[in-house]
Amino acid sequence: MADPYADGPTSQLPASPDWPPTAGLVIEETPPQRSFLQRRRIAVIAGAAAAGVLALGGVGWAVAASSSSPPPAPAAAAPPVASTPSKHKVATSDTIRGTVQSESGDTWTIRTRAGATFTVTITSKTQFGTKKDPSSAAKFPIGAMVVITGRADDSSVVATRISSPSAASNDPTQ
């Protein structure tokens, strides 16, 4: 038999279908190690989104709180009248219903059911009663219920007509 190693230790081995030996060997490939961010990607994205929402909400709240003015003070209750008296009305009629509290010449004091007090000024043009049923100032003593029509501001009225509530409701023209 011939020596297969006759050519020396560097000679080539004969080719063999069993070389390299693989029978019985299990080769497992280990996956590459993923980074922390890759392993926790969904948690990191959700946390960043939550932090962004909280930051924007905080900034929005701070801006809203710094730019808002304090709530306005509640307005005093207006007397129950057909139209609200105003200093800025020109050539309009306001109507006030109430009870005659006092009469002193051309100045009467009227108190509404809500407790508001108005000073009524009677002029030479003030008419009493209605157009269909004229009257006089004497028909409206202290304690009488009256409807005053005229120009009103916060607490005074220059009367154009003074009538009783029943007559005023029956005559739309007063």
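Note that this is a predicted model, so its numbers are computed, not measured.
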Query raised in the report: So, does D133 use its side chain to make a donor-acceptor pair with the main chain of S135 at under 3.5 Å?
Result: no
Query raised in the report: Where the side chain of S104 meets the backbone of T107, is there a donor-acceptor pair that is under 3.5 Å apart?
Result: no
Query raised in the report: Among all residues two or more places apart in sequence or in another chain, which pass the side chain to side chain contact (heavy atoms under 4.5 Å, CB included) test with T126?
Result: I122, T123, F128, A159, I162
Query raised in the report: Can you hop from I142 to V146 via hydrophobic side chains spaced under 4.5 Å?
Result: yes
Query - T95/V147 under side-chain contact (heavy atoms from CB on, under 4.5 Å): CA gap, chis, key distance, verdict - result: CA-CA 7 Å; T95 303; V147 177; 3.5 Å; yes
Query raised in the report: Taking C-beta and beyond as the side chain, do S164 and M145 meet within less than 4.5 Å on heavy atoms?
Result: no
Query raised in the report: In Å, rounded to the nearest 0.5 Å, how long is the span from CD1 of I110 to CZ of F118?
Result: 10.0 Å
Query raised in the report: Quick one: NZ on K131 to OG on S163, what's the gap to the nearest 0.5 Å?
Result: 12.5 Å
Report task. Could you tell me which residues satisfy side chain to side chain contact (heavy atoms under 4.5 Å, CB included) with S102, sequence neighbours excluded, listed by chain and number? Result -> T109
Query raised in the report: How many angstroms lie between CZ in F140 and CD in E103, if you round to the nearest 0.5 Å?
Result: 10.0 Å
Query - Step-by-step side-chain contact (heavy atoms from CB on, under 4.5 Å) determination, K125 to R161 - result: CA-CA 8 Å; K125 295 183 179 183; R161 183 172 299 275; over 6 Å; no
Query raised in the report: Excluding sequence neighbours, so at least two apart, what forms side chain to side chain contact (heavy atoms under 4.5 Å, CB included) with I45?
Result: R41
**Report entry** Identified side chain to side chain contact (heavy atoms under 4.5 Å, CB included) counterpart of V157 within the set T149, I148, D94
**Finding:** I148
**Report entry** Residues in side chain to side chain contact (heavy atoms under 4.5 Å, CB included) contact with S136, at least two apart in sequence or another chain
**Finding:** A138, K139
